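Report on one structure; see the data block that follows.
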Amino acid sequence: MDDVSFDVYDGEIFGLIGPNGAGKTTTMECVEGLRTPDHGRISVLDLDPFRDTYKLQDRIGVQLQEAQLQKRIKVKEAVHLWASLYNKKTSEGDRLLEQLGLADKRNSWFMTLSGGQKQRLFIVLALINDPEVVFLDELTTGLDPQSRRAIWELVRGIRERGKTVFLTTHLMEEAERLCDRVAIIEHGRIIDMDTPERLIRRYCPERTVVLAAADPTAEARFRSMPGVEEVAAHDGLITIRGSGEHLVTEVIQCLSENRIHVTDFRTILPNLEDVFLKVTGHSIRD
Amino acid sequence: MLRGLLKLTWVEIKIFFREPLGAIGTVVTPVLVFILFGWLGTHIVPERSLAAGPGLRIDVPVFAAVLIAINAVLSLVAIMAIYREGGILKRLRATPLRPQTILTAHVLVKLILTAATLTLALMAGKRYYPVGADVPLVGFGFALLISTWSILSIGFLISSIVPTARFAQPIGAVILYPMLVLSGLFFPLDGLPPALRALTRALPFTYSVSLLRGIWHGDSWAMHVGDVAALAIVFVICTALSAKVFRWE
Ligand SMILES: Nc1ncnc2c1ncn2[C@@H]1O[C@H](COP(=O)(O)OP(=O)(O)OP(=O)(O)O)[C@@H](O)[C@H]1O
Ligand SMILES: [Mg+2]
C-alpha cells in the first residue's frame, strides 16, 4: 500500500473498488485493526485500531472476505456465541437469521451451508452487535441475484439507521447502486474518489444514442450535428457517439425537425465500469 | 470476558464430539490401550505386571496418562492448524475476544477431555488395576493436569510453526514421541551416556513421567516440587515463545 488516504463520513456507504490484488482487503483489515500497517495513521470512531482494538471491535461489525467457521458449529450456536461476545440478547441474532432467510438453517452445521448461505451467516455475525460502522469485504460474492438485492436493501437499511458502511466490491453495478462515494484503488494506490455520478461525469462524458431509422439522409444529418464525434450505421441501426449532456436532446431535436421516422431509440450512458476501464486502462475482470 | 471464554469452551467441546474420528483418537484410544495392557497383564504375563521384567519398566497407568496428554496435544496442534488455515482464528479475532481467551478456551477443552479420559480409563480398567487405598487418584489426576498443561504449551509452540494443517499431526508426532522415548518411562535414564542424560533433563516428559510415577506410587508432592517447577518453567518458556511467533493466519 502506498500513500492511501481517505475519510469515510458518518452515515454514508463508502465503497472501495479495484481489481484483484489491488489492496482492498489489506486496506480494510488495517482499518479494522486486524493488520498492522508499516506506517501511517488510522482513526476509526476516534479510536486507534491498534491501541484500542477491543474497544473498537465492540463498536464495529466485520465481514471478512475469506472466513470460515468451525465446520461442525451449528448456525444458531455461532449466532448465540457472537451475541454473547458482544453482550447482546440471543433474540437479536434470531431476528437477523430470520431477516436473512436463514431461519430454517438454525440447526445446520456450518459445513453443510451453501456458499451464499455462509455469506449471509457472516453478514448476520457482522450485524449482531448493531455496530456503528460495518465493514463488508465483497459482501455479495457468490450470492444469487435475489439474495444480492435483498442484501443491498439490508445495507441501505443500515445507512437509514444512521450507521456507516465501508465495503469493497468487484461489482460495478453494486458500487453504483449502493455507494454514496467510492474510491478506485489499484496497485495499492487510490486513483480517485468521489460519488459514482461525479466520477462518471468526470471520466466518461460521452453519450451514445442508438436508433433505427430507414431514412437514407439521417446518417449525414447526425454527422453534421455539433458535439457528435462518430456516427456508424449498421443493419439499419445508427449509432451516434458524442459528448456532453445535450447530445440526446439534440438528436431528438434533429429527428423531429427533419421528420425522420424511427422505429427504435435508446441511449447508452456510461457507468462505473466504463470509468474503471478508463482510469485503470483495463477492465476490472482482467 | 469470562462469559465469552466459557461459552467458547462449551461450543468447542460440543464441536469436538461431533467429529467422530477426533473423539475416538483422543478419548477412546488411550482408554483401549489402558484396558489392553491390563488384559495382557492378567492373561499373558503371569506376574500380572509388565513392570516386573528387569529390562522393561513400564508403569501402565503412567504410560496411559502420558498417552492421554500426547493425544490432547496432537489434537490441539491439528485444530490450531486447521483453524488458522480456514480463517476461523482470524474470524474469531475480529470480535472483542482477546487472543489469549481464544487460546485458553482450547487449552480448557483439552484439559477437560484429559480429565474425562483419565476417569474413563480408570473406571474401565478397574478390574485389571485394582486401585488400593494407597493410590491417590485425585493427586494423580492433578499431576496429569499439570503435565498436560505444560505439554500443551509445547503444542502451541509447535502449532505456531507448522506451515499447514496437513503437516500438523506428523510434525507434532515427530517432536513428541521421541521425547516420550527418552522420558524414563520405558527404561531407566541412569544408564544413558552423559550427553543423552543432559538431553533428557531438558525434555518436559522426563518431569511428567517422574511426577506421575511418583504420585502413583504414593510419593508426597514435596518430593516432586522439582518436577512441578520444571514443568512450570517449560510452560512459561513455551507460552512466551509462542506468544511471539504465533500466527493467526
Ligand atoms: N499476507 C500477505 N503477505 C504478502 N503479500 C500479501 C499478503 N496478503 C496480501 N498480499 C498481497 O497484497 C496485495 C493486495 O492484496 P489484497 O488482498 O488487499 O487485494 P484485494 O484488493 O482485496 O484483492 P481481491 O479483489 O482479490 O480480494 C496482493 O498483491 C497480495 O498478493
Ligand atoms: Mg480482497
Side-chain angles (χ1 to χ4, degrees), chain A residues 25-26 28-36 49 52-88 90 107-112 118 121-122 124-126 128-129 131 133-137, chain B residues 1-26 75-76 78-106 108-110 164-165 168 243-249:
Chain A
T25 301
T26 308
M28 194 173 247
E29 287 180 356
C30 287
V31 179
E32 291 161 351
L34 295 179
R35 197 184 276 266
T36 323
D52 318 308
T53 310
Y54 306 110
K55 228 185 271 173
L56 180 67
Q57 289 302 340
D58 231 359
R59 294 170 62 188
I60 65 174
V62 170
Q63 184 253 129
L64 301 169
Q65 182 178 1
E66 272 173 353
Q68 297 284 324
L69 291 179
Q70 295 90 326
K71 279 188 185 171
R72 291 177 168 78
I73 195 169
K74 286 182 186 170
V75 168
K76 70 167 179 209
E77 284 169 352
V79 170
H80 292 176
L81 173 64
W82 250 252
S84 82
L85 296 182
Y86 293 95
N87 287 318
K88 294 286 173 194
T90 52
N107 287 308
S108 305
W109 289 352
F110 178 77
M111 63 191 266
T112 66
K118 286 179 185 164
L121 175 58
F122 281 120
V124 170
L125 298 184
I128 211 155
N129 56 334
V133 186
V134 189
F135 294 86
L136 304 167
D137 199 352
Chain B
M1 224 49 247
L2 188 64
R3 202 159 83 114
L5 175 65
L6 295 182
K7 192 103 187 178
L8 186 59
T9 308
W10 177 231
V11 168
E12 291 293 347
I13 289 179
K14 283 196 281 188
I15 294 171
F16 177 81
F17 281 106
R18 284 176 194 156
E19 180 142 42
L21 272 181
I24 288 174
T26 315
S75 130
L76 178 81
I79 286 182
M80 283 296 128
I82 292 169
Y83 277 27
R84 179 194 297 125
E85 205 161 277
I88 301 168
L89 283 179
K90 190 171 169 187
R91 187 61 197 87
L92 282 172
R93 218 156 71 95
T95 65
L97 272 179
R98 303 287 196 276
Q100 56 270 33
T101 309
I102 301 171
L103 303 185
T104 308
H106 286 277
L108 275 183
V109 172
K110 295 306 164 209
T164 64
K244 281 237 182 308
V245 294
F246 194 82
R247 287 176 299 119
W248 292 90
E249 50 178 305

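Please read these numbers as outputs of a predicted model, since none were measured by experiment. Residue numbers start from 1 in every chain, and the chains themselves are labelled A, B, ... in the order their sequence lines are given, proteins ahead of strands.
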### Query
Hey, what do you get for CH2 (A/Trp82) to CZ (B/Arg91), rounding to the nearest 0.5 Å?
5.0 Å
### Task
Report the C-alpha distance between A/His80 and B/Lys7 in whole Å, list the side-chain angles of each, state the deciding distance to 0.1 Å, and finish with yes or no for side-chain contact (heavy atoms from CB on, under 4.5 Å).
CA-CA 9 Å; A/His80 292 176; B/Lys7 192 103 187 178; 4.3 Å; yes
### Query
CD/A/Glu77 to CD1/B/Ile15 distance, rounded to the nearest 0.5 angstrom?
6.5 Å
### Query
What do you reckon, is CH2 of B/Trp10 surrounded by more than 12 foreign heavy atoms closer than 6.0 Å?
no
#### Entry: Inter-residue atom distance B/Glu19.CD - A/Gln70.CD, 0.5 Å rounding
11.5 Å
### Task
Compare all side-chain heavy atoms of B/Arg3 with those of A/Asn87 and state whether any distance is below 4.5 angstrom.
yes
#### Entry: NZ (A/Lys55) with more than 12 external heavy atoms under 6.0 Å
no
### Message
Just verifying a value: how many Å separate A/Gln68 CD and B/Tyr83 OH, rounded to the nearest 0.5 Å?
### Response
12.0 Å
#### Entry: Pairwise distance OG1(B/Thr95) to CG(A/Leu125) - rounded to 0.5 angstrom
10.0 Å
### Summary
What one should report as the nearest heavy-atom pair of A/Leu85 and B/Pro96 is O-CG, 3.8 Å
### Message
Any salt bridge linking A/Glu29 with B/Lys90? Criterion: basic side-chain nitrogen under 4.0 Å from a carboxylate oxygen.
### Response
yes
### More than 12 heavy atoms from other groups under 6.0 Å of CD on A/Glu66
no
#### Entry: chain A contact via B/Glu12 - which portion, at a heavy-atom distance below 4.5 Å
side chain
### Task
Heavy-atom distances under 4.5 Å only: say whether A/Arg59 touches chain B with side chain, backbone, both or neither.
neither
### Message
Tell me whether the NZ or CZ atom of B/Arg98 lies within the 45° cone about the ring axis of A/Tyr54 and under 6.0 Å from its centre.
### Response
yes
### CD-CG distance between B/Glu249 and A/Leu34, expressed to the nearest 0.5 angstrom
8.0 Å
### Task
Considering only heavy atoms and a distance below 4.5 Å, find which of A/Ser84, A/Gly61, A/Ala78, A/Ala67 pairs most often with chain B.
A/Ser84
